[in-house]
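Comments concern the structure below.
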Amino acid sequence: MLPRTKINYSHISCFILLLLAIAQFAIAVPYPGYTLYCPNNGRYTYLKNLSNTTVHSWTHSRSGGYSCYLLENGDLIRSAVSSSSSMNGGGAEGIVQKYNWSGTLIWEYTYSTTTYRSHHDICPMPNGNVILIAWESKTAAQAVAAGLSRSSAIWPDHLVEVQPSGSTGGTIVWQWHAWDHLIQAYDASKANYGVIADHPELLNLNCGSSGVGPGGGDWMHVNSVSYNPTLDQITFSSHNLNELYVIDHSTTTAEAATHTGGRWGRGGDFLYRWGNPANYGTTGTQVFDVVHCAWWVPAGLPGAGHILAFNNRSSSSTSMIVEIVPPMDTLGNYTRTTRTAFGPASPVWSYTATGFYSQHLGGNQRLPNGNTMIAEATSGNLFEVDSAGRTVWSYTPGGEIVRVLRYGTEYPGVAILGTEEEVAALPNSVHLLSNYPNPFNSSTKINIKIDKLASVKLSIYNANGELISKLVDGRLIAGDHNFDWNGKNMNGMSVNSGVYFCRLQSGSTVQTRKLVLVK
């Protein structure tokens, strides 16, 4: 008979108490950086600090602003509205603009005629190119010949990758068309005929509104596009079809029009789709009731490789952010059992709350500290939540704001702010920002911002108010400053797990943040 192990319940109780203390004092904080947004159909873009003070802004020559992005060189790229086009569906744009930091328009590219027009979102690429979503017009005769169940003109979506040149030029270096990847089970005498359930890689021409969407022929109403450079794949979301899709970007344009070729050997067919199994003749739960902002979590961030999406849930008047983990094998191929719905069965994380609702539009972004930025678009409410769903930052400019993005203080595109007196309007001249990580087990980085030369004391205290460590005591120049605390006292000895306080003092200004050390 084995000897009975004696359990020390007092140690367990102490450990439980420590966990409870950590949970109590692990106060969620916003990710330090600058918030970028542009009012929809407006002519302004704003960059705000965490006090919601404007530190930079751009004035534009055209209305637009469904989406905008700050590039690493400090340029701003945005979608804008063209004129004199007969394709006037919801989210119609037609132009991409690029402004430098000083506000000068340096590139304006038009993708708009009587037979095609860009709309909704754009996606800046690592190589300097930009991907546009666009409609292309198909006549009623073309649609019927393709197997549409009614005689109606239709505007299927396509994607184009544009390489900028000059002040107005651009070369389309890659493109993908939904029209090349159709299936229909309506008329065997027409093109694209087949068994829907046998071809989830294709788009059923007769699913969804089939040409009676909000834009007349705007059948799919694609509204977001996001790029994954690790996989060289693109995801996009469809408002009308209540689904998100993934396609291969490594194809040539010729391969993208077929069913073979590219890194994944599937040409331009869907590699993955999620949200509405009925679209491909399969039983399963329809998750999306209007979807926006399919957004790939970048490498290096919590949830890297996952896909976020804004589920408007229009019928239930309560929206939800979902985070899904597309199932893959060890080679990176998406996995699925034949004639079953694409997984996962449920999101790995989601956010909803009483009163959180955007009937249409909406944005989401994962941040490096694990928080998620959200644009409750129709109310103009911008906020940041942690993984537990706690709101750690919010700002409500009002109006209609489709997207919101937070750029960290380390992002190259905001580096110029460190040389300006951009926070002069703030009530204090020094600012103690959030530390990261928190909780931590070995060291944490403490960030402060100073808007002018100042004498600063930055110290660590324990929960009893005893001085543990001095990180700085002297004058610092204007800009961002980072200091590491390694969990040791002034004698170089490691301190115990527990709650500590970081205290920043400059003149009469004193700011404090909680730190949680877990070993």
Side-chain angles (χ1 to χ4, degrees), residues 34-48 52 54 56-70 76-83 85 87-99 103 105 108 110-112 117-124 130-135 157 213-215 218 221-226 236-240 290-295 308-312 314 319 321 356-365 373-384 394-407:
Y34 301 93
T35 305
L36 183 78
Y37 73 93
C38 47
N40 196 21
N41 297 316
R43 295 196 176 199
Y44 301 94
T45 298
Y46 302 97
L47 193 64
K48 304 269 186 174
N52 303 329
T54 300
H56 199 71
S57 63
W58 293 261
T59 301
H60 306 298
S61 60
R62 296 178 182 271
S63 298
Y66 184 95
S67 63
C68 60
Y69 300 87
L70 186 63
L76 180 83
I77 190 168
R78 71 188 289 264
S79 55
V81 179
S82 61
S83 57
S85 175
M87 305 185 80
N88 286 315
E93 299 283 18
I95 287 177
V96 182
Q97 293 184 319
K98 186 185 293 184
Y99 289 81
L105 178 63
E108 181 173 278
T110 300
Y111 193 72
S112 177
R117 185 179 188 180
S118 65
H119 60 92
H120 288 89
D121 199 12
I122 59 176
C123 180
V130 59
I131 292 180
L132 316 182
I133 305 166
W135 298 301
D157 279 301
D218 183 11
H221 199 82
V222 171
N223 53 38
S224 71
V225 58
S226 179
F236 58 89
S237 55
S238 168
H239 175 292
N240 289 357
V290 179
V291 57
H292 286 79
C293 200
W295 192 83
L308 291 174
F310 194 109
N311 188 2
N312 297 88
S314 294
S319 298
I321 308 299
F356 169 50
Y357 179 58
S358 184
Q359 188 269 336
H360 67 120
L361 307 175
N364 39 248
Q365 176 201 17
M373 289 286 287
I374 299 173
E376 189 181 35
T378 52
S379 63
N381 182 28
L382 315 177
F383 60 102
E384 176 185 352
S394 65
Y395 178 55
T396 307
E400 189 172 81
I401 300 172
V402 180
R403 298 286 178 80
V404 59
L405 296 171
R406 173 73 52 74
Y407 291 92

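Just so it is clear, the values below take in all heavy atoms, side chains as well, and ignore hydrogens, waters and symmetry mates.
Between Val81 and Gly64, the shortest heavy-atom distance links the atoms CG2-CA, 3.9 Å. Here the closest heavy-atom approach between residue Gly362 and residue Cys293 is recorded as O-CB, 3.4 Å. The shortest non-hydrogen separation linking Pro397 to Gly380 is CD-O, 3.1 Å. Nearest heavy-atom pair, Phe310 versus Asn364, reported as atom, atom and distance to 0.1 Å: N-OD1, 3.1 Å. Taking all atoms of both residues into account, the shortest heavy-atom contact from Val290 to Ser314 is CG2-OG, 3.4 Å.
In this structure, the side chain of Asn223 engages the main chain of Val291 through a donor-acceptor pair within 3.5 Å. For the pair Asp157 (side chain) and Val222 (backbone), a donor-acceptor distance under 3.5 Å is present. Not one N or O on the side chain of Tyr66 forms a donor-acceptor pair closer than 3.5 Å with the backbone of Ala92. Side-chain N or O atoms of Arg62 include none that pairs as donor or acceptor with a backbone N or O of Gln97 at under 3.5 Å. In this structure, the side chain of Ser57 does not engage the main chain of Tyr46 through any donor-acceptor pair within 3.5 Å. Looking only at distances, no side-chain donor or acceptor of Gln359 sits under 3.5 Å from a matching main-chain atom of Thr378. With hydrogens and angles ignored, the 3.5 Å screen pairs no side-chain donor or acceptor of Asp218 with any backbone N or O of Gly90. Looking only at distances, a side-chain donor or acceptor of Asn312 sits under 3.5 Å from a matching main-chain atom of Ser358.
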### Task
In sequence, state the C-alpha distance, the side-chain angles, and the governing distance for Tyr37 and Leu382, and then conclude on side-chain contact (heavy atoms from CB on, under 4.5 Å).
CA-CA 9 Å; Tyr37 73 93; Leu382 315 177; 3.9 Å; yes

### Task
Test side-chain contact (heavy atoms from CB on, under 4.5 Å) on Val404 and Phe383 and set out the steps.
CA-CA 9 Å; Val404 59; Phe383 60 102; over 6 Å; no

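Distance check: Ile131 CD1 to Ser118 OG gives 13.5 Å after rounding to the nearest 0.5 Å. With rounding to the nearest 0.5 Å, the separation of CD in Glu400 from CG in Asn41 is 7.0 Å. The distance from atom OG of Ser82 to atom CD1 of Ile95, rounded to the nearest 0.5 Å, is 5.0 Å. Between the NZ atom in Lys48 and the OH atom in Tyr34 there is a gap of 14.0 Å [rounded to 0.5 Å]. Summarising the geometry, atom CD1 belonging to Ile77 is positioned 4.5 Å from atom CD1 belonging to Ile122; distances are rounded to the nearest 0.5 Å. Taking OG from Ser79 and OH from Tyr111, the interatomic distance works out to 15.5 Å, rounded to the nearest 0.5 Å.
Side-chain contact, Asp121 with Tyr69: a donor N or O sits under 3.5 Å from an acceptor N or O. There is no side-chain donor-acceptor pair under 3.5 Å between Glu384 and Thr35. A donor-acceptor pair shorter than 3.5 Å can be found between the side chains of Ser237 and Ser224.
Side-chain contact between Met87 and His119 is absent, with no heavy atoms from C-beta onward closer than 4.5 Å. Using a 4.5 Å heavy-atom cutoff, the side chains of Phe356 and Ile321 are in contact. By the 4.5 Å heavy-atom criterion applied to side chains, Ser319 and Glu376 are not counted as neighbours. For the pair Leu36 and Leu76, the minimum side-chain heavy-atom distance is below 4.5 Å. Side chains of Arg78 and Cys38 form no contact here, defined as non-hydrogen atoms less than 4.5 Å apart. Residues Cys68 and Tyr99 have side chains not in contact (no heavy-atom distance under 4.5 Å, counting atoms from C-beta outward).
In this pair, His56 and Trp58 present their aromatic rings perpendicular. The plane angle is above 60°, beyond the 30 to 60° band. Taking the six-membered ring where the residue is Trp, His292 and His360 present perpendicular rings, their angle passing 60° and hence far from 30°.
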